[in-house]
Amino acid sequence: MQEDNPDELVTYTVDRGVATVTLNSDANRNALSTPLMRQLLDRFSAAAEDPLVRVVVLSHAGRVFCSGADLKETAAAREAGEVPAALLTDVLAAMWEFDKPVVARVAGPARAGGLGLIAAADIAVCAAEATFAFTEVRIGVVPAVISATVLPRLRPRDAAEFYLTGAVFDGRRAESIGLVTRAVPAVDVDIAVAGYAEDLVRGAPGALAGAKRLLRAGRDDIRTELSGLAKLSAEYFLSEEGREGVAAYAEKRDPAWLP
């Protein structure tokens, strides 16, 4: 069993066949910065290569599961015509293609890109009290990249409601629309996650990988889809509305388009 390193943005431990990958950047609410996403890819690679790992639990330190893109980093890089969150395509593809079961443990709020991580997991358990929102339109962008994993989970009416309004919803609603597998009281999240992990490690590794291939049948070329969505995302982040929305968010004011 490996020990957590508090200096790491994503920690990694293994115990009895279960690798726990923990977002550990509480200072910025586990935002999807470039360093965090690179470390997240490294941790999934380590789990993929370890024959003793049968299941991966994606967890988080601190109160927030993931606040979405690191908007401070995005604003700085955008001046050079770059969008760091494009690396999210690699993260989502790695999770979607992963041959071992992935369970998301969501004990706190998740926003925007964080919902893409949750949807990419095979099973997701959240606290009923946790809150969720696709906040992109409120800062002048669209939930493009995460659509590759989110839209297969949601009914069209639910997707339209939350993509267009950016409204906040709770864990029970997240369960009812298919974003998560189960919503339980906060005190029961770890028990529920452990129960799923215990069930999953009983599956034969080759059979689990084969079952996952069946589940993603017809969507094996997700990287091509993500590439196109990343270009669309960049267009909006680099647009006039995107610039104004991110600036308004940073300055804690209403964007100029509000009537």
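Basis for what follows: all heavy atoms, side chains included, without hydrogens, waters or symmetry-related copies.
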Close side-chain approach of [X] and [Y], heavy atoms under 4.5 Å:
X: Tyr236; Y: Val137; answer: no
X: Asp190; Y: Arg105; answer: yes
X: Val168; Y: Arg111; answer: yes
X: Phe162; Y: Leu154; answer: no
X: Leu226; Y: Trp96; answer: no
X: Lys100; Y: Arg54; answer: no
X: Asp90; Y: Met37; answer: no
X: Thr22; Y: Thr13; answer: no

### Task
Under 4.5 Å between side-chain heavy atoms, chaining through other members, with only Ile, Leu, Val, Met, Phe, Trp and Tyr counted: pull out the rest of the cluster around Val125, sorted by chain and number.
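Result for Val125 is Val18, Val55, Val57, Val103, Ile123, Val184, Val189, Val193, Tyr196, Leu200, Val201.
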Give, for atom [atom1] of [X] and atom [atom2] of [Y], the distance between the pair rounded to the nearest 0.5 Å.
X: Phe134; Y: Thr165; atom1: CZ; atom2: OG1; answer: 10.0 Å
X: Cys66; Y: Asn28; atom1: SG; atom2: CG; answer: 9.0 Å
X: His60; Y: Asn24; atom1: NE2; atom2: CG; answer: 11.5 Å
X: Phe132; Y: Ile177; atom1: CZ; atom2: CD1; answer: 9.0 Å
X: Asp99; Y: Arg213; atom1: CG; atom2: CZ; answer: 6.0 Å
X: Leu92; Y: Glu97; atom1: CG; atom2: CD; answer: 10.5 Å

So with a 6.0 Å cut-off around [atom1] of [X], is the heavy-atom count from everything else above 12?
X: Arg223; atom1: CZ; result: yes
X: Glu251; atom1: CD; result: yes
X: Arg253; atom1: CZ; result: yes
X: Arg172; atom1: CZ; result: yes
X: Arg216; atom1: CZ; result: yes

Any donor and acceptor pair, going by atom type alone, linking the side chain of [X] with main-chain N or O of [Y] inside 3.5 Å?
X: Ser233; Y: Val145; value: no
X: Asn30; Y: Val64; value: yes
X: Glu244; Y: Gly140; value: no
X: Gln39; Y: Val10; value: yes

Shortest non-hydrogen contact from [X] to [Y]?
X: Ile118; Y: Ala124; value: CG2-CB, 3.8 Å
X: Asp26; Y: Ala61; value: OD1-O, 4.4 Å
X: Leu36; Y: Leu9; value: N-CD1, 3.7 Å
X: Ala144; Y: Leu232; value: CB-CD2, 4.1 Å
X: Val180; Y: Gly171; value: CG2-O, 4.2 Å
X: Pro101; Y: Asp122; value: CA-OD2, 3.4 Å

### Query
Do NZ/NE/NH1/NH2 and the carboxylate oxygens of Arg43 and Asp50 come within less than 4.0 Å?
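Looking at Arg43 and Asp50, the cut-off is not met.
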### Query
According to the side-chain hydrogen bond (donor to acceptor under 3.5 Å, both in side chains) rule, which pairs have a member within residues 144-161, sequence neighbours left out?
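The answer is Ser147-Tyr163, Arg155-Asp158, Asp158-Arg173, Glu161-Arg173.
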### Message
Check for me, please, whether Ile191 and Phe65 land in the same ILVMFWY cluster - side-chain distances under 4.5 Å, paths through other members count.
### Response
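No, separate clusters.
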### Message
Is there a path of hydrophobic side-chain contacts, each under 4.5 Å between heavy atoms, that joins Met95 and Leu208?
### Response
no
### Message
side chain to side chain contact (heavy atoms under 4.5 Å, CB included) for Leu117 and Leu88? Distances and angles first, verdict last.
### Response
CA-CA 9 Å; Leu117 299 181; Leu88 182 58; 4.3 Å; yes
### Task
Run the numbers on Leu58 and Leu40 for side chain to side chain contact (heavy atoms under 4.5 Å, CB included), then give the verdict.
CA-CA 10 Å; Leu58 177 62; Leu40 190 53; 4.0 Å; yes
### Task
Take Leu32 and Val91 through the side chain to side chain contact (heavy atoms under 4.5 Å, CB included) test and state the conclusion after the steps.
CA-CA 10 Å; Leu32 296 169; Val91 172; over 6 Å; no
